[in-house]
Every structure is written in structure tokens, then in C-alpha cells.
Amino acid sequence: MARTAPRHLTDDELATVDRYWRAANYLAVGQIYLTGNPLLTEPLRPEHVKPRLLGHWGTSPGLNLVYAHLNRVIRARDLDAIHITGPGHGGPATLACCWLDGSYSDVHPDIPRDGEGMRRLFRQFSFPGGVPSHVAPQTPGSIHEGGELGYSLSHAYGAAFDNPGLLVAAIVGDGEAETGPLATGWHGNKFLDPVHDGAVLPVLHLNGYKIANPAVLARLDDGELDHLLRGYGHEPRYVGGDDPAAVHDALAAALDDCLDRIAQIQRAARGGDSSGRPRWPMIVLRTPKGWTGPAEVDGKPVENTWRAHQVPLSRVRDNPEHLAQLEAWLRSYRPEELFDERGRPVAGLLGQVPHGDRRLGSNPHANGGRLLRALPVPDVRRYAVEVPEPGGTLHEPTKILGEVLRDVMDATADRRDFRLFGPDETASNRLSAVFRASGKNWQEHRLATDEDLSRDGRVVEMLSEHNCQGWLEGYLLTGRHGLFASYEAFIHIVTSMANQHAKWLQVSRELPWRMPVSSLNYLLTSHVWRQDHNGFSHQDPGFIDHIVNKDPATIRVYLPPDTNCLLAVAAETLDTRDLINVVAAGKQPTFDWLGIEDAVNHVERGVSVWDWAGTDTGREPQVVLAAAGDVPTMEIMAAASLLRAHLPDLAVRVVNVVDLMRLMPRESHPRGLSDPSFDALFTTSAPVIFAYHGYPWLIHRLTYSRHNHGNLHVRGYKERGTTTTPFDMVVLNDMDRYRLVMDVIDRTPSLASRAIAVRQAMEEKRNKHRAYVREHGEDMPEVRDWSWANPLG
Ligand SMILES: Cc1ncc(C[n+]2csc(CCOP(=O)(O)OP(=O)(O)O)c2C)c(N)n1
Ligand SMILES: [Mg+2]
């Protein structure tokens, strides 16, 4: 390699890093194309080539370049570092690199670091029964799949929070950088505390192209790009070119410069300098897409164009010209200089590879379960509200939960392994008690009028659900705990990210070497029924419908009906592993139904008969009133009290569902009830009037195979929303107490004619309600003042 000034690397260092890069490029091409003849010990023949060519070449040389250079600085500086590849479609690159550093064979001993291992590495890639084409959980050293673009920076910052010794290098694709989540991801640097957190080193990879188009950032003129990145609070270093020696040298110099700067920032901050938010360094790397690949194919330019994105040479098996081009391409890396006769990397190639757990493929932070400690969740009985009689008192469930979270914050003050994330709503969601244990993270200057802000805060609020979700994922996957509290309607913004996390957990569970991580806990509050003041835009309970599509082993959904049940749900969920727990609970004053022991038992069972609320004691129920959710529970209880008053002979059973997954058949969900248990609760013949927190169809979906499904009648939110009174919300959606009583009369044999007068009375109440709220702007006194303990107010 010809060298040009300035020289940062010695000749030997340059040769070593270049060998690693060439080897990784060779292995990436091999994975995309070859099923045999991995070392090209014989001329390439069609049968050595895979029948289906799948994978992404274009991004791979850039990813390999960064990995090779990270190796050098990790080893030279004994860094504790992980890397995140935004363009995760470059799976062949990351797999190549961790096979070379030995970490792949450590966890996949069937793929050793020799010629036979190389053959298997090639063959398994994007092959049935093999490994996926992206940087998946199967890829050691990874916490980021990168299949769905946009989350590299939020994952990187999440990993760096409370990891003061960690460096997270995050490669951002120039196409990825066009996404909304990535655009807001840069702001992670506004929440990075240089004292308690580690560092993130973004590497913006301007390879110029996406799948079929130029990338926006790659075509900005240098000044505009620089302004953009500085505007995001970074000090960029620029590296670019297509001469390998010059790029190696410049990238090595830039990396060293960035790491010196990071060390300086951290030293100053940790030495007591609090002179404001640092400007963190970053690298802009401009190298050709598909660099070192075929320059032209079939007369069309490929290298350094969008055509390099996936598989530059197609139909190789039956196109001799392409076959010859592939062979020439592979031989251009000079494999005979890189691997010995047994296919092992030559010594001169591994000279910069770090040792043991310092290798990027082995760093325990990227297999967070290895570092995870049990979360000190206090006994929730300490926070219980007194329930002298059911329905006689009211509490704000999330407010009491806030006290538990405060104490978890407190108990982790030294360990710093628990965080609460939310867009801007911790106080609105009534969790403010946590501020007594931790402030809200804020690195910018503060004004006298600000409250509860602190540089080391572990409550993190930014009005970006994408960042909250990505930060929490990064935090959990590196072995810590946390909770995301959101308005129920707006959690949809991260639906797709939740998908990806669920998939990650599902696949990880199957990998014995991936240690379980703490569950992702959602608290969905300010929910559909109590967004009467904000109106229609804020009313959407559909996240639950979405999440139940995921692998049943990975998801749980809880609908605690009162404060003590929310406490019991917190105890059950906060320190679990490898799950997504969705808890929907209100923040408004809610009737207390159960004392804490009953609440704990209820949550453990998931579904209970509330004997004290029914009138079926010692009798077969004629009708079952079921509820899931706090507002539905209140309406069902009010309906039950109306039935007691108006139809005292009717044998009514009251059932409450707190763990929604119990409704699923046992064969379909680990928490599902067996058919006999379900039948015992819901009977096989009585009508079941079910008031549900969300869209009614979900309950039908979950129970369609149950014996009594034909008698199940579900009320819930049916997209009738607006700014109105709380009770009008349930009336608009036909889930109010009066409608539920009418449903009972309509569905219970023998009542239709006997109870016609009661039915009419209920209809009149609904009419009276409509007129009353329109005239007075608030609910009728008999609704406002209703309680189970004192139904007439
Ligand atoms: C959110 C999302 N939208 C679309 C895609 C489809 N897709 C896969 S790769 C790609 C282009 C990525 O370009 P870039 O980030 O520049 O990566 P690189 O050039 O390094 O391959 C697109 C659009 C995706 N994976 N994720
Ligand atoms: Mg690109």
C-alpha cells in the first residue's frame, strides 16, 4: 500500500488493520455467495455458489472498517467498549468480524475459527436453518438488530447511561439518518451526564446511498452538514476517501483524537468541572458504498453507487462472466495472505484484536443478563391503602405507585441501575413522588423557575417517545432495569419499536448463551376513559391489541382495577425477565375494591370471582358480569348494585380480570386458563356481560374457542370519543352501568318480559344523563356521588 502523509499509524499497525479489514471483507462476500470452496483452494465453480443470493454487501466494507479500527483502540487503550451498527442489514460484516476475533466460535462452537468453520459460517448465512442476514440476537456483541432503521443512537445512549466506564461506538447509516427516530436520537447527548454515564461515539457513515437513492446527508455541502452536526451539539471529525492506506491513517487519527477528547471531557467533569454541557466528538466517515466490490457489472457502475446495496453480482451460478467476476473479487483480498492452510487467520492479522471480554463480540455489556442484578423491589404491602370496605374509599393508583418507584430509585441510588423514562408526563401521570429520590436528568443550564432538574437524574424526560423507548431498550439490554410511563394513546408512536424488542427477546430466549434481561415495563396511564378533558386525539386503547400479537411467551398485559391491585402488579412485574409487561392503570381517584392481601391473591390468580359483589352465593349464576380495567370495573360494580336494587332475585356473579392473558387458552399462552378453569369462572351457559378497557373485539379474539363464547357480550371502547364528562365517555361507548343492566336484561332468558320496566328505567336514565350533561357540563349527582358502599349517594 502506498502511503501518504500525514502518518498516524506505523507501517506495521497499518498493515495489521488492513489485513483484518480485507479478511472481514473477504468473509462478508463469502457469506453472501459461497457454500463451498471457502478458501478458494480450487477454481470457483457454479456448485460452490449458493442457489439463492441474499444479503447486503454495500454497507459491509464500511462496517468492517470501523470494527477493525475499534479493535486497535480498544486493545491499545484497554477500553471497555461495545458497538452498534445502525445499518444492521450489514450482518455479513459483523458476523465476519466476530468470527475473526474468536467471539463467534466461543458461543457457537460448531463454527470454529478454521477452514471448516469458515465453510459453515458461509453456508449458514441467510440459509434455511442458518442465521438471519441482519445483526440479530445470534450475533455476539450485539444489542441492536438494525433491521428497522432509526434506533442506533437511542440504543447507544441507553447503553451508555449509568455505565461510566463504557464507550459505545454507534455507526449511523446516512439513509438511517433520514428517519425521525434517528433525527431525534442525536439529542441523546443532551441527557448524557459525563460524570455518571459513559460515552457515545457516533460514526456517521456517508457511503452516499440507500437502496435505490442518494442519501440526503451525503449530498449536503460540507458547510451545511457541519452546521447540522454542530447544531446537534457535536464536534465532528471528517474522514474520507477511497485510498485504503490514507483512509486507515485518517480514521485511526480521528479515533484517537475523539477518544482523547472524550477522556478529557470525562476527566474534567469527574474532577468537579461543571461548566456546562460538553460538545462531544463524532466522526463523519465518507467512503464508497460497496467499496472494494465490483466497479462495474454488465456495463453498469456498481461500486460507489446505490447498486452496491445488496448483491452486486446476480445469477452467478448460470452466468460464467459473473462467476469469473466473483472469483476475481474474492481473490482481490488475497486470502492466501490472510488465512493459513487450515483456514485460520494468520497471526499478523490478529495483532490488534483485544483479549477476552474486551473483544467487541464478547463484551458482557452486550449480553446484559451477565451483569444484571435483582431489582430491590420493596414489599408493596408497605404502600397499601386501607380498604375498610369495598368501594368505600378512593385513591389515585399511579400516585401510590410513585411511592414504590421512589423507594426503588432510592434503593438503587448507589448502583444506578434503575431508570424511569417518559416523554414529559411523570408529574402529569402523578408519579412525582420519585422526584424525592431522583431529579429529572438535565444537562443544560437551569433557571430558578425550573423544578426537580438535576445532572445526575435517573428520571429521563424528553418529548420523544422514540428516544424514551430506545433508551430504555438500550438500558435493559445492557443489564439494567426500567419503566416507561406514557399516555396510553401516544404509546402507539413506538409500536413498531416494541415489535422489534419483542422479536429480539423471543429469539434471545432460544440462545442459551444470551442471559435473560430485565423486562420492558410499560405503564400506560392517562388512559382512554379519563382523557375526557383532552378529547378524541388522546383516546386510544389499541396498543394492547397490538402487543398481544407478539409471541405469547414474551408478553403480559395487566389491567389492575384499583390501587392495591396496581401495587400487586408492580410487585409481580418489576423484577421479571425477558418480557414486555403492559400495565394500563388510571391516575384519577379510583374506588378501592380490594385490601392488599386480596389484591395480591387476585393478581396471582389473574381472574377472580368477587363473591362479595355477586348475588349467586350457593346458586348457579344466571348471569356473569365481568370487567377488565379500572373504569370498566366501576361500571360493572355500579351495574351490579343496580341489579341488586331492581332485580334482587337474580343470581349475578361478578368476575374481575386483572391479567388479560388468562383469557387465552392454556395451549396458546403460558398464563392461559385451562378450559375447566375458564368454564368454572364464566360457566358454560350463562350470559356473560363483559366490560373491557379497550376495543371489544380483543376479548372475543382471546376467548373465541371457549365453550361459553357464544354467550359472551363485550362492551368497550368503540371509537366514540370527544371532550366531555367522564361518564359521558362510557355512555357514548355503551359501556355505562345503565346500558350494562339493559344488556343483562336482553341476554338473560326469562328477564326480557319480567324486567321490561327496569329496562325502560335504564333507558330513561341514559336519556336524562344526555340532557343533564349538555345543560350542566358535568355528570348527574347520582353518578358523581355513586359508590358501591352507598349506591344512592
Ligand atoms: C425504518 C426502515 N425503513 C425502510 C427500511 C428498508 N431499508 C433497508 S436498508 C435501507 C437503506 C439504508 O440506507 P443506509 O442507512 O444509508 O445504509 P447503508 O447505505 O449503509 O446500507 C432501507 C430503506 C428499513 N430497513 N427500515
Ligand atoms: Mg448509505
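In this chain, numbering begins with 1 at the start of the sequence shown. Both counts, for ligands and for their atoms, begin at 1 and track the order of listing.
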*With Arg419, which residues qualify under side-chain hydrogen bond (donor to acceptor under 3.5 Å, both in side chains), at least two apart?*
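Partners of Arg419 under the side-chain hydrogen bond (donor to acceptor under 3.5 Å, both in side chains) test: Asp162, Asp197.
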
_Quick test of your reading: applying side chain to side chain donor-acceptor pair (under 3.5 Å), list the pairs with at least one residue in residues 128-142, sequence neighbours left out, ordered by first then second residue._
none

*Looking at side-chain heavy atoms only, is the closest gap between Leu229 and Trp186 below 4.5 Å?*
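A side-chain contact exists here, since the closest heavy-atom pair is under 4.5 Å.
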
_To check you understand the geometry: which heavy-atom pair defines the closest contact between Asn367 and Arg514, and what is its length?_
OD1-CA, 3.5 Å

*So which protein residues pack against ligand 1 under 4.0 Å, heavy atoms counted?*
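Near ligand 1, by chain and number: Thr59, Pro87, His89, Gly147, Glu148, Leu149, Gly173, Asp174, Gly175, Glu176, Asn207, Tyr209, Lys210, Ile211, Lys289, His309.
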
*Mind checking how many protein N/O/S atoms fall short of 2.8 Å from the Mg ion (ligand 2)?*
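N, O or S atoms of the protein closer than 2.8 Å: 3.
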
*Give a yes/no verdict on a cation-pi contact between Arg22 and Tyr333, requiring under 6.0 Å between NZ or CZ and the six-membered ring centre and an angle within 45° of the axis.*
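Relative to the ring axis of Tyr333, which defines the angle, Arg22 lies outside at least one limit.
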
*When Phe484 is tested against each of Leu524, Ile491, Asn521 for side chain to side chain contact (heavy atoms under 4.5 Å, CB included), which residue passes?*
Ile491

*For His309 and Thr59, does a side-chain donor sit closer than 3.5 Å to a side-chain acceptor?*
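There is no such pair between these side chains.
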
*Give a yes or no on whether a salt bridge exists between Lys289 and Glu303, defined as a side-chain N under 4.0 angstrom from a carboxylate O.*
no

*Salt bridge flag under 4.0 Å for residues Arg261 and Glu235*: yes

